[in-house]
Asker: 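Attaching a single structure in structure tokens format; questions to follow.
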Amino acid sequence: MSSIIQLLPDHVANQIAAGEVVQRPASVVKELLENAVDAKATDIKLILKDAGKSLIQVIDNGVGMSVTDSRLCFERHATSKIRQAEDLFSLHTKGFRGEALASIAAIAHVEMKTKQDQEELGIHIVVEGSKFVSQEPAVLPKGTSFAVKNLFFNIPARRNFLKSETVEQRHIVDEFQRVAMAHPNIHFTMYHNGSEMFNLPISNYRQRIVNIFSGKTNEKLVPVKEETEIVNLHGFVGKPEFAKKNRSEQFFFVNDRFIKSGYLHHAIMAAYEGLLKDGAQPSYFLYLEVPPHTIDINIHPTKTEIKFDDEQALYAILRSAVKHGLGQFNVAPVLDFDRDPNLDTPYQYQNREAEYPTIQVDSNFNPFANEKSVKTTSSSSTSSYRKTEVQPSWESLYVGLKQSTQEISEITFEDDAVTSSLFEENEVEQEVKRTYQIHKKYIVSPIKSGMVIINQKRAHERVLYEEFLINMTVQQASSQRLLFPLELFFSPNEIELVRELQLSLENLGFIFDAFAESSIVISGLPITITESKASIVLDDLLTDLQNGIVTDSFSQNDTIAKSMAKSLAVRTGTYLTEKEQENLVHNLFACKEPNVSPFQKPTFITMSVEDLDKKFSI
Ligand code: ADP
Ligand code: MG
């Protein structure tokens with residue numbers, strides 16, 4: 001039988017390898033930036049068109065390449081960075097695999113210009129899909145320029161698989177920021193479609209972080225420093241009160257390389273214990289220097305995980321250094337995050353209402369004998385609470401069980417004995433009161449066939465969502481003019497995003513006065529958004545967009561409406577006045593699709609009298 005195994009031609013092998021190295025434009029950005037850093041550049045420019053889909057160019061002022069090297073660098077396993085396996089354990093460069101350029105050249109049009117300092121002339125090379133198209137001497141400045149055009153031109157499936165520009169752009173910015181943060185001694189600039197998005201002059205670490213994440217970052221940073229035998233640690237952590245809802249400001253760098261580590265993240269969270277609200281994420285920018293032989297970075301090129309020799313010791317060092325940093329700056333004692341704002345209201349007794357349902361269905365049990373002692377010890381100021389919170393539950397029971405009058409009267413009688421005024425008011429109100437809020441979560445309302453139980457948060461999401469959509473499409477939303485313009489700080493990338501959404505947001509009622517480098521000035525807001533909520537709403541929207549969750553939905557308006565409805569809707573745990581409850585019920589059922597929230601979750605359920613009867617017949 002004839003043999004069938006063949007060696008793959010180089011360009012095919014390169015294309016296959018490219019699948020691993022280059023997943024999206026951001027992977028190219030990472031490789032080119034890292035090569036420029038390895039080439040000892042002090043000035044690196046990143047130029048993009050269409051989120052890297054049309055052009056990714058990196059220009060550096062590094063050491064450049066000789067004529068021979070400039071051809072060789074496109075070969076697979078061609079690297080100047082290691083010579084033997086042992087070199088892997090004393091690595092001081094980002095690259096070492098010699099795969100990136102071969103991979104990129106296999107799936108794009110690449111134009112490279114490079115010149116070494118001591119040479120008169122440089123060289124200009126064009127490679128398309130692994131094929132050398134041209135090579136000429138050229139007059140060039142010192143350093144290297146790599147232009148990568150038409151990424152995935154020969155793999156349409158890959159190209160089609162790319163996400164929206166916003167998402168791809170976000171990935172690129174992530175990579176750019178990671179490299180820039182690790183190297184404040186290099187001047188980085190980034191341009192997208194002709195406009196400058198970042199200009200980061202040579203600076204110290206703190207200034208670099210501030211330049212990337214906008215001016216307001218400065219006040220939230222607390223320095224951290226620790227020198228031990230196994231690690232030198234320096235960097236910054238965010239004061240707890242500035243914690244975010246997402247993890248977008250959490251960075252570990254090990255030997256100038258961005259890494260991810262769930263384990264080390266846990267160490268930081270442990271240091272913040274007791275200082276953060278539930279689910280809040282502290283910012284951290286931590287730089288670890290460890291002897292190269294104590295880590296194993298010989299992993300997949302696109303992975304950012306890393307193996308440490310002594311992870312447990314690192315954990316302990318990190319945790320105590322961060323704790324110390326927070327303590328030293330007196331961050332800890334002034335905080336009181338665990339306080340629930342609801343505790344400030346008379347409704348603090350509200351949790352006790354949980355006892356009521358059992359009381360009401362168990363006719364052999366006399367609840368008020370118990371309750372009386374509790375109630376009388378709690379001061380008379382609780383009576384207002386009792387009116388709004390207690391009454392509804394048995395009143396609704398009354399509505400649901402009109403027939404079984406005996407039990408009802410028994411209970412009302414008992415309650416009457418506790419506070420006689422309550423009963424009278426109750427009787428009057430019974431005529432008008434149509435909704436009851438329970439557990440600050442659901443609104444119950446009697447209907448002809450029984451009752452409806454509405455989830456207040458989801459219902460409100462639906463109401464707001466439809467309202468926003470209508471406002472955006474009919475474009476006649478009214479704005480409230482602010483007395484003083486509101487300046488909100490964002491990173492340049494976030495500002496770019498807001499610009500993209502400007503029109504839709506203006507249709508909603510936002511009035512933008514100015515877009516500065518790190519802030520936006522707003523002079524008008526939609527009626528539904530209060531001044532204090534504005535920054536939260538925009539923050540949430542940007543987070544949603546950057547996470548790419550909402551960009552995939554069918555339109556930008558829909559995206560905005562969903563995100564804003566989510567952040568503005570009343571939360572579970574919010575007390576609603578009777579009027580608010582009624583409005584909500586009324587508005588919900590005036591919606592086009594009242595049955596589900598914008599996220600397709602049920603907004604209400606109904607229970608018929610028969611359902612209730614069945615429950616009682618057991
Ligand atoms: P690696 O970085 O793993 O060595 P690459 O494929 O990224 O592999 O690059 C191959 C080689 O090309 C590098 O080892 C380096 O010698 C050279 N090179 C790449 N980019 C540059 C650059 N911007 N300046 C100078 N030399 C470069
Ligand atoms: Mg490289």
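All ligand and atom numbering here is 1-based and tracks the order in the structure.
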Asker: Does the distance from a Lys or Arg side-chain N to an Asp or Glu carboxylate O, for K53 and E168, drop under 4.0 Å?
Answerer: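 Looking at K53 and E168, the cut-off is not met.
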
Asker: Taking only residues two or more places apart in sequence or in another chain, which ones pass ring pair (Phe, Tyr, Trp, His ring centres under 6.0 Å) with Y287?
Answerer: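 Only Y205, H234, F253 meet the ring pair (Phe, Tyr, Trp, His ring centres under 6.0 Å) criterion with Y287.
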
Asker: Please determine whether the number of non-hydrogen atoms from other residues, nucleotides or ligands lying under 6.0 Å from atom CD of E165 exceeds 12.
Answerer: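 Counting neighbours around CD of E165, more than 12 heavy atoms of other residues, nucleotides or ligands fall under 6.0 Å, so yes.
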
Asker: Test F213 against every option in F285, F242, F198, F490 by the ring pair (Phe, Tyr, Trp, His ring centres under 6.0 Å) rule and name the one that passes.
Answerer: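 Testing F213 for a ring pair (Phe, Tyr, Trp, His ring centres under 6.0 Å) against F285, F242, F198, F490 leaves exactly one candidate, F285.
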
Asker: Got more than 12 heavy atoms from elsewhere within 6.0 Å of NZ, K244?
Answerer: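 Result for NZ/K244: enclosed.
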
Asker: Take atom NZ in K142; do more than 12 heavy atoms of anything else shown fall under 6.0 Å from it?
Answerer: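 Yes, NZ of K142 has more than 12 neighbouring heavy atoms, counting only those of other groups under 6.0 Å.
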
Asker: Please say which of F236, Y272, F252 ends up in a ring pair (Phe, Tyr, Trp, His ring centres under 6.0 Å) with Y284.
Answerer: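 Option passing the ring pair (Phe, Tyr, Trp, His ring centres under 6.0 Å) with Y284: F252.
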
Asker: Which protein N, O or S atoms does the Mg ion (ligand 2) have within a distance shorter than 2.8 Å?
Answerer: N35 OD1

Asker: For the OG1 atom of T294 and the CD atom of E311, what is their distance to the nearest 0.5 Å?
Answerer: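 Nearest 0.5 Å value for the OG1-CD distance: 11.5 Å.
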
Asker: Scan the side chains in residues 117-137 for donor-acceptor partners under 3.5 Å anywhere in the protein, sequence neighbours excluded, and list what turns up.
Answerer:
from, atom 1, to, atom 2, distance (Å)
H124, NE2, E111, OE2, 2.9
Q135, OE1, R71, NH1, 2.7

Asker: Please give the N or O to N or O pairs under 3.5 Å between ligand 1 and the protein, distances rounded to 0.1 Å.
Answerer:
from, atom 1, to, atom 2, distance (Å)
ligand 1, 2 (O), N35, OD1, 3.0
ligand 1, 2 (O), K81, NZ, 2.7
ligand 1, 3 (O), F96, N, 2.9
ligand 1, 3 (O), R97, N, 3.0
ligand 1, 3 (O), G98, N, 2.8
ligand 1, 4 (O), T79, OG1, 2.5
ligand 1, 6 (O), A100, N, 3.3
ligand 1, 6 (O), L101, N, 2.9
ligand 1, 7 (O), N35, OD1, 2.9
ligand 1, 7 (O), N35, ND2, 2.8
ligand 1, 8 (O), G98, N, 3.4
ligand 1, 14 (O), T79, OG1, 3.4
ligand 1, 14 (O), S80, N, 3.0
ligand 1, 14 (O), S80, OG, 3.1
ligand 1, 16 (O), S80, OG, 2.5
ligand 1, 20 (N), N35, ND2, 3.4
ligand 1, 23 (N), D60, OD2, 2.9
ligand 1, 24 (N), T144, OG1, 3.3

